[in-house]
Asker: 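Would you mind keeping the following structure in view while I ask a few things?
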Amino acid sequence: MQERIRNFSIIAHVDHGKSTLADRILQMTKAVSEREMREQFLDSLELERERGITIKASAVRLFYEASDGQTYTFNLIDTPGHVDFGYEVSRALAAVEGVLLVVDASQGVEAQTIANFYLALEHEHTIIPVVNKIDLPSARPEEVALEIEEVLGLPAEEVVFASGKTGQGVEDILEAIVHRVPAPKGKPTDPTKALIFDSIYDAYQGVIPYVRVFEGSIRPGDRIRVWSNNKEFQVDRVGVFRPGSLEPTGGLGPGEVGWLTANIREIGDTQVGDTITLAPNPTDAAYPGFKPAKPVVFAGIYPTDTQDYNRLRDALEKLKLNDAALDFEPETSEALGFGFRCGFLGLLHAEIVQERLEREFDLDLIATAPSVIYRVMRSDGSIEEVHNPSMMPDPGTIEVMEEPYVRLTVYTPEEYVGPIMQLLQEKRGRMEQMNYLGGTGGSKRVELRYEVPFGEILYDFHDRLKSLSRGYASMDYEQAGYREGDLVKVTVLVNDEPVDALAFITHRDKAYSIARSMVDKLAEVIPRQQFAVPVQAAIGGKIIARATVKALRKDVLAKCYGGDVSRKKKLLEKQKEGKKRLKSIGKVDVPQEAFLAVLSAG
Ligand code: GTP
């Protein structure tokens with residue numbers, strides 16, 4: 001029954017307890033038995049469990065017997081909370097009618113609370129504010145409810161108080177979903193219109209798009225058409241999401257959330273955000289596409305073993321299907337050979353992609369340091385985007401160079417404002433606004449708005465902000481266009497050979513200090529060779545920093561000469577293990593760490 005369907009998402013600042021609450025909801029709707037229940041059920045990627053964060057949005061269908069005696073069908077679409085994954089959030093939100101906005105009762109409103117709130121507002125969704133973790137001794141539920149009213153304009157009396165941990169108040173949340181979130185609209189008799197909000201690849205069944213049906217229906221045997229490319233497929237099976245499995249059903253009607261298989265073999269044929277309709281009776285308008293993800297950070301990814309190039313391409317294609325924000329194209333590096341330049345939403349996204357490629361596709365990879373996109377105006381009037389520092393044109397041909405800026409918002413308790421402003425100054429930030437947000441007693445909160453070069457906050461900014469504020473400050477940012485900057489390319493030479501994959505672009509004023517710590521770091525991480533290896537940094541032809549990797553004194557095996565064979569074998573094996581992630585550049589073996597040295601040099 002369509003009027004008893006409720007589609008909703010949970011949105012929250014990172015660590016405010018979204019996954020724990022989702023688990024509790026699963027348990028209370030008896031979707032999983034106590035035995036099956038393991039912590040953070042929806043975080044099914046191995047990596048998500050290990051890191052304790054939600055990366056991918058996943059969906060599940062639940063049944064809830066409400067106090068009115070009726071059984072409701074809930075489709076819960078989980079979303080990630082980290083600033084890098086805003087795109088996944090907007091994808092999930094396109095498929096629902098309501099959201100639970102979860103706020104930690106001891107932390108209060110934070111940067112992503114606000115960012116996610118505005119995303120939900122843009123979709124005109126019903127928003128149910130939830131003050132969570134009320135079991136914590138440090139919880140200030142009433143205060144946080146007032147803060148929600150003050151900062152977001154949601155009436156404090158609409159707030160539901162709960163604890164995902166103890167289960168207290170979770171029943172109230174479920175009732176609020178029933179009573180406040182509207183049933184989906186859409187007629188079963190209208191031409192079919194379904195939104196692809198995610199998809200996975202299965203070796204046997206091909207691409208499995210995850211869809212939200214808005215109008216009409218999809219059944220096995222239907223001939224579907226993909227809106228953007230007019231490709232047609234015969235539907236094989238359709239179904240819904242049950243915890244841990246894809247359950248086949250007879251069809252999906254308006255308001256329903258589910259999946260389909262149709263022997264779709266080409267990964268590019270069904271893009272996330274596209275609309276599916278039926279070929280015999282197509283809809284006349286696609287679902288208004290949600291904001292496409294735009295990668296803003298680029299890095300090279302190369303197989304350590306050049307033979308793995310095709311496997312890497314295959315893996316990237318499959319991963320992209322599941323991660324629409326990922327972008328890649330082939331690139332070659334003198335130092336690293338054939339690989340791909342990949343675009344990401346941020347640094348965490350880049351790290352996660354590399355880890356997923358290595359784990360899920362069993363690849364050994366070398367990644368270069370992520371870089372932002374610079375813009376170059378040439379003397380001949382042409383404009384060029386530089387995605388890879390080593391491709392920066394000759395400075396002599398450059399008229400103006402521009403770097404991307406972001407509008408950064410930091411929320412912090414008042415006491416940390418001083419050190420945070422100092423950090424932002426060091427990062428070449430320009431203050432736009434400073435607002436006092438209220439709060440009581442010692443918990444007065446301040447909102448700082450800055451414009452700052454994106455490249456400056458890319459690496460260590462978030463960590464430093466957290467440590468400066470003992471974890472209390474939070475941040476959010478959006479792209480703010482390009483501004484002129486006095487930028488230089490720093491080339492790095494190992495054993496007198498320039499290594500293209502180590503080049504980076506930075507502001508002239510910072511080039512010396514970054515180059516200095518970069519060469520020191522390289523000298524530390526490059527293993528000693530039989531000969532001394534000079535490591536240098538240069539701007540143009542001018543060397544600005546140097547360090548040396550000292551020569552090896554002794555042969556590793558010399559120690560065991562004539563000794564125990566098994567020990568010798570072990571030692572050699574250990575060396576081989578260590579080599580896995582080394583890349584030979586000229587005569588020097590360079591480890592993965594070296595390619596990321598610039599990250600810790602900022
Ligand atoms: P992401 O998935 O990374 O966005 O985080 P999340 O918002 O899902 O947070 P998660 O559920 O992983 O919880 C974060 C931390 O808070 C964990 O250590 C939980 O054990 C703890 N936590 C979650 N809910 C509660 C609660 O109601 N009470 C208490 N005391 N702790 C909680």
Side-chain angles (χ1 to χ4, degrees), residues 8-28 32 37-60 76-93 99-117 119-120 128-142 144-145 148 159-174 198 243 323 345-349 351-352 355-356 411 462-463 466 471-472 474-476:
F8 68 100
S9 274
I10 309 180
I11 54 179
H13 187 78
V14 73
D15 276 347
H16 281 201
K18 182 171 39 64
S19 302
T20 307
L21 182 63
D23 284 350
R24 189 66 55 221
I25 291 176
L26 256 62
Q27 207 175 19
M28 296 193 42
V32 274
M37 190 69 207
R38 36 171 206 221
E39 258 182 62
Q40 306 196 336
F41 200 93
L42 289 179
D43 289 351
S44 59
L45 287 172
E46 185 191 354
L47 194 61
E48 291 184 316
R49 286 171 180 283
E50 262 169 45
R51 292 194 171 219
I53 54 169
T54 305
I55 300 163
K56 284 287 304 169
S58 43
V60 67
L76 163 58
I77 300 190
D78 193 23
T79 61
H82 190 277
V83 57
D84 269 15
F85 298 104
Y87 177 68
E88 295 272 342
V89 176
S90 93
R91 226 139 75 109
L93 291 190
V99 300
L100 301 177
L101 179 70
V102 174
V103 183
D104 186 319
S106 67
Q107 303 284 324
V109 171
E110 296 200 59
Q112 266 91 56
T113 315
I114 301 180
N116 286 332
F117 166 78
L119 276 179
I128 302 174
V130 174
V131 169
N132 189 33
K133 304 198 192 180
I134 54 170
D135 62 294
L136 282 175
S138 55
R140 328 170 257 116
E142 300 299 335
V144 171
I148 289 175
V159 170
V160 183
F161 297 95
S163 162
K165 190 167 177 184
T166 65
Q168 190 187 349
V170 177
E171 194 81 43
D172 299 337
I173 296 178
L174 299 176
D198 203 350
D323 180 351
L345 300 175
L347 214 56
L348 179 65
H349 186 213
E351 263 176 52
I352 282 168
E355 273 193 59
R356 287 188 68 184
Y411 294 87
H462 189 243
D463 290 347
K466 284 285 174 195
Y472 283 112
S474 59
M475 61 176 265
D476 190 42

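No experiment lies behind these values; they were computed from the predicted model shown. Note that ligands are numbered from 1 as they come in the structure, with each ligand's atoms numbered from 1 the same way. Computation of the quantities below employed the complete heavy-atom set of this structure, encompassing side-chain atoms and omitting hydrogens, waters and symmetry-equivalent molecules.
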Asker: With a heavy-atom distance limit of 4.0 Å, tell me whether Asp135 approaches ligand 1 through its side chain, its backbone, both, or neither.
Answerer: side chain
Asker: Quick one: do Leu26 and Leu76 satisfy side-chain contact (heavy atoms from CB on, under 4.5 Å)? Show the steps, please.
Answerer: CA-CA 9 Å; Leu26 256 62; Leu76 163 58; 4.2 Å; yes
Asker: For His16, run the side-chain hydrogen bond (donor to acceptor under 3.5 Å, both in side chains) check against Glu110, Gln107, Lys133 and tell me which one passes.
Answerer: Glu110
Asker: Does any non-hydrogen side-chain atom of Leu119 lie less than 4.5 Å from one of Val99?
Answerer: no
Asker: Which residue from Gln112, Lys133, Gln168 reaches closest to atom 32 (C) of ligand 1 through any of its heavy atoms?
Answerer: Lys133
Asker: Does the side-chain contact (heavy atoms from CB on, under 4.5 Å) test come out yes or no for Gln168 and Phe161, once each step is laid out?
Answerer: CA-CA 8 Å; Gln168 190 187 349; Phe161 297 95; over 6 Å; no
Asker: Which is it for Ala12 and ligand 1 at heavy atoms under 4.0 Å: side chain, backbone, both or neither?
Answerer: neither
Asker: Would you mind listing which atoms of ligand 1 come within a distance below 4.0 Å of any non-hydrogen atom of Ser19?
Answerer: 2 (O), 6 (P), 8 (O), 11 (O)
Asker: Once you restrict to heavy atoms under 4.0 Å, what part of Lys165 touches ligand 1? Side chain, backbone, both or neither.
Answerer: both
Asker: Between Ser9 and Ile77, is there a donor-acceptor pair closer than 3.5 Å when you use the side chain of the first and the backbone of the second?
Answerer: yes
Asker: Which residue, Ile25, Val160, Ile11, Asn132, forms the side chain to side chain contact (heavy atoms under 4.5 Å, CB included) with Leu100?
Answerer: Ile25
Asker: Any idea which atoms of ligand 1 are less than 4.0 Å away from a heavy-atom of Thr20?
Answerer: 10 (P), 11 (O), 13 (O), 19 (C), 23 (C), 24 (N)
Asker: Specify side chain, backbone, both or neither for Asp15, according to which of its non-hydrogen atoms lie closer than 4.0 Å to ligand 1.
Answerer: both
Asker: Is the backbone of Gln112 close enough, under 3.5 Å, to the side chain of Asp476 for a donor and an acceptor to pair up by distance?
Answerer: no
Asker: State whether the shortest distance between N or O atoms of Leu136 and N or O atoms of ligand 1 falls below 3.5 angstrom.
Answerer: no
Asker: How does Asn132 reach ligand 1, if at all, at less than 4.0 Å between non-hydrogen atoms: by side chain, backbone, both, or neither?
Answerer: side chain
Asker: Short list, please: which atoms of ligand 1 are under 4.0 Å from a heavy atom of Gly164?
Answerer: 27 (O)
